[in-house]
Amino acid sequence: MEGVRERRLLTLAAMMVLLAMAPLPARSPDGLEMLALAQSWAGQGPAVDAAFWPPLWPAMVATLLPLVEAERAAWLLNLVLAGAVAWPLHLGATRLGSVWAGRAAVFFWCLAPVVREHACILDARPLGWLLTGLAVAFAIDAHRGERAWTWAFGAAALAPLARPEGLALIPLLAVSALVLRHPWRSVVPFAAGALVPTLVDGFLRSGERGTLSSLWAAWGDTWSMTDFLALVGIASAPTGYRAFVLEQVEAGVEAPPLPFVLAVPLEGALYIVEALVQCVGWAGIVAAVVGGVAVIATAKGRWQAALVLVLALSPLAALALTPMLQGQATQAANLAFVVAPLLMLACGGAVRLVQCTDRFTLLQAAPVLVAFAMLVETSTKTTAVDGLFVEDSRAADVMARHLRENPPESGRVACTLTSRGVVRRAGLEPVGVGSTWEDWSPGDGDGVLLSSVDLYLGEDGGRGLELLEDPDWHVVRVFADGQMAVWRSGGLVEDDRTFVYLARD
């Protein structure tokens with residue numbers, strides 16, 4: 001009971017530290033869409049298509065909306081969820097090493113820049129951290145015979161309802177348990193049962209997140225440049241800019257990317273290493289590797305323990321082969337879920353390593369020194385997300401106020417994902433702006449809102465540049481955070497936090 005009481009106190013302390021130190025809320029495009037879904041479920045906004053978004057985080061936010069404003073509710077929820085990771089972190093590190101390993105792991109988690117900065121982003125990632133940590137910690141606990149596998153697979157069952165990649169936890173837990181020689185009768189039924197919530201959710205929502213991006217965003221950079229420009233992106237519209245870029249391709253100034261087999265795995269592996277350094281530093285990576293070796297060396301079945309650790313690394317190998325890993329808000333954004341398991345291994349493994357040397361006087365100091373070294377190194381890492389998203393910029397605030405004070409006649413604004421949050425903050429109805437592949441025309445009295453992401457990266461399929469060159473449309477307002485220029489021909493925007501509002505003549 002003493003360990004449980006300490007775990008509760010440390011978890012409460014972690015929540016308080018994060019609430020005291022975290023930056024202000026950061027708006028991400030996906031998070032704002034899930035927040036709008038939560039508001040619609042709480043009766044505070046129009047209906048939103050729920051087929052694309054995992055429902056668990058919006059449902060949790062919706063329960064808070066009668067009491068707290070939407071963005072603040074999501075911010076508070078995320079900080080509480082991030083603080084709650086201290087509970088499984090303490091449990092897992094303690095089971096692998098000692099109570100001092102658990103304390104050291106929580107110490108790093110509370111003060112780690114990657115946790116503090118990313119927990120303030122309004123999306124479902126902190127919930128994914130918690131469920132991943134719970135699944136891993138309960139699996140370690142179950143292997144020691146302390147608990148049944150029910151709790152581990154219970155956390156894994158909820159993970160896909162928070163983040164799509166959470167589905168990987170179920171097969172990984174099942175295979176790892178069987179490798180560690182747990183009877184299949186105590187593993188397979190739990191694994192099968194853990195799939196039920198995902199199957200039910202898929203049936204009810206009739207949608208699957210990631211289909212579009214896996215066919216387009218993930219693999220777009222592996223295509224021939226000429227084919228890519230003809231189909232998607234900023235040069236897909238018949239504008240002067242496309243003619244210019246195609247001339248550069250023909251002249252050899254722009255070249256096709258390396259073949260997928262060569263480029264993507266290498267770039268992905270380097271990206272993951274850089275992201276892990278941003279998360280836990282080189283000290284954390286080395287400590288986790290050494291800790292893993294120590295765990296294997298002290299395990300009863302060494303080859304089984306080694307195989308389980310290899311299985312645990314398989315998601316990182318899979319991510320290295322996925323181009324969509326790159327292009328996130330920060331390198332650490334999609335990999336912060338591995339911080340808790342790495343901490344368990346680094347701190348718990350430090351105790352195992354000391355035990356191998358028979359120097360038991362260092363049992364308390366070893367994990368603390370590891371955690372302190374990690375904290376000192378990562379404190380110099382730049383992971384700040386303040387103003388990182390175009391939706392969270394000063395330009396977005398000013399544009400939302402302008403639209404609220406000068407709404408279009410119809411009350412509707414055509415926009416893409418990066419502009420919907422601004423339109424909703426203005427109290428207007430966002431409608432989709434069609435790409436150049438679609439037969440699209442706005443309704444009478446509709447305005448069009450474009451962001452620099454649309455215009456510079458072409459996420460609207462080149463539609464923004466086409467409208468800027470169309471004589472029937474004119475620019476009403478442009479707001480930018482810094483230096484900005486808009487050309488009538490080409491429509492280039494020289495700022496990564498800019499909004500352009502257009503209306504028809």
Side-chain angles (χ1 to χ4, degrees), residues 1-11 13-14 85-112 114-115 132-133 136-147 176 179-180 276-277 279-313 316 338-379:
M1 285 300 295
E2 195 66 32
V4 174
R5 188 178 297 111
E6 177 179 295
R7 200 167 297 131
R8 291 171 180 168
L9 290 174
L10 288 176
T11 301
V85 176
W87 200 97
L89 188 56
H90 183 275
L91 173 62
T94 299
R95 292 290 185 262
L96 284 178
S98 69
V99 68
W100 276 100
R103 293 167 181 169
V106 173
F107 166 72
F108 175 83
W109 181 264
C110 289
L111 301 177
V114 67
V115 176
T132 300
V136 173
F138 283 136
I140 296 171
D141 211 23
H143 181 58
R144 291 171 54 92
E146 301 290 339
R147 279 184 171 83
S176 297
V179 166
L180 293 172
L276 291 178
V277 171
C279 287
V280 297
W282 285 109
I285 295 174
V286 172
V289 171
V290 173
V293 172
V295 169
I296 293 171
T298 56
K300 292 182 180 179
R302 293 184 179 179
W303 76 266
Q304 290 95 336
L307 184 54
V308 167
L309 287 181
V310 170
L311 287 171
L313 294 174
L316 294 182
V338 305
V339 174
L342 286 178
L343 279 174
M344 296 178 198
L345 203 58
C347 295
V351 172
R352 296 283 189 97
L353 186 64
V354 172
Q355 288 175 336
C356 291
T357 63
D358 294 328
R359 300 188 65 180
F360 292 99
T361 55
L362 296 176
L363 282 176
Q364 295 181 359
V368 175
L369 291 175
V370 166
F372 185 74
M374 293 168 60
L375 188 62
V376 169
E377 183 186 355
T378 55
S379 64

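In this chain, residues are counted from 1 in sequence order.
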Taking all atoms of both residues into account, what is the closest heavy-atom pair of [X] and [Y], and its distance?
{"X": "Leu89", "Y": "Ala340", "value": "CD1-O, 3.4 Å"}
{"X": "Ala287", "Y": "Val370", "value": "CB-CG1, 3.6 Å"}
{"X": "Gln304", "Y": "Val179", "value": "CG-O, 3.1 Å"}
{"X": "Leu342", "Y": "Ala288", "value": "CD2-CB, 3.8 Å"}
{"X": "Ala104", "Y": "Ala371", "value": "O-CB, 3.4 Å"}
{"X": "Thr132", "Y": "Pro341", "value": "CG2-CG, 4.4 Å"}

> Mind checking what makes side-chain contact (heavy atoms from CB on, under 4.5 Å) contact with Ala137, not counting sequence neighbours?
Replying inline: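 Ala137: side-chain contact (heavy atoms from CB on, under 4.5 Å) contacts with Pro88, Leu91, Met344.
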
>> I'd like to know whether Val368 forms a side-chain contact (heavy atoms from CB on, under 4.5 Å) with Trp100, so could you lay out the CA-CA distance, the side-chain angles of the two residues, the decisive distance to 0.1 Å, and finally the verdict.
In response: CA-CA 7 Å; Val368 175; Trp100 276 100; 3.8 Å; yes

Would you call [X] and [Y] a side-chain contact if the rule is heavy atoms closer than 4.5 Å?
{"X": "Cys110", "Y": "Val106", "value": "yes"}
{"X": "Val286", "Y": "Val290", "value": "yes"}
{"X": "Val85", "Y": "Thr11", "value": "no"}

> Is there a side-chain contact (heavy atoms from CB on, under 4.5 Å) between Thr378 and Val114 once you walk through the steps?
Replying inline: CA-CA 8 Å; Thr378 55; Val114 67; over 6 Å; no

> Judged by atom type as modelled, is there a donor-acceptor pair below 3.5 Å linking the side chain of Ser98 to the main-chain atoms of Thr94?
Replying inline: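 Flag not set: sc Ser98 to bb Thr94 has no pair under 3.5 Å.
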
> Is it true that a side-chain atom of Glu377 and a backbone atom of Trp282 form a donor plus acceptor pair closer than 3.5 Å?
Replying inline: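 Indeed, once roles are kept as given, a pair shorter than 3.5 Å links the two residues.
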
Name the atoms and distances for all side-chain donor-acceptor pairs under 3.5 Å in residues 292-301, with sequence neighbours left out.
from   : atom 1 : to     : atom 2 : distance (Å)
Thr298 : OG1    : Ala294 : O      : 2.9
Thr298 : OG1    : Val295 : O      : 3.3
Thr298 : OG1    : Arg352 : NH1    : 2.7

Distance in Å, [X] [atom1] paired with [Y] [atom2], rounded so as to fall on 0.5 Å steps:
{"X": "Ile285", "Y": "Met374", "atom1": "CD1", "atom2": "CE", "answer": "9.5 Å"}
{"X": "Glu6", "Y": "Leu9", "atom1": "CD", "atom2": "CG", "answer": "8.0 Å"}
{"X": "Ser176", "Y": "Leu307", "atom1": "OG", "atom2": "CG", "answer": "7.5 Å"}
{"X": "Asp141", "Y": "Leu96", "atom1": "CG", "atom2": "CG", "answer": "10.5 Å"}
{"X": "Phe108", "Y": "Phe372", "atom1": "CZ", "atom2": "CZ", "answer": "12.5 Å"}
{"X": "Phe107", "Y": "Cys347", "atom1": "CZ", "atom2": "SG", "answer": "10.5 Å"}

> Does the side-chain contact (heavy atoms from CB on, under 4.5 Å) test come out yes or no for Ile140 and Val136, once each step is laid out?
Replying inline: CA-CA 6 Å; Ile140 296 171; Val136 173; 4.1 Å; yes

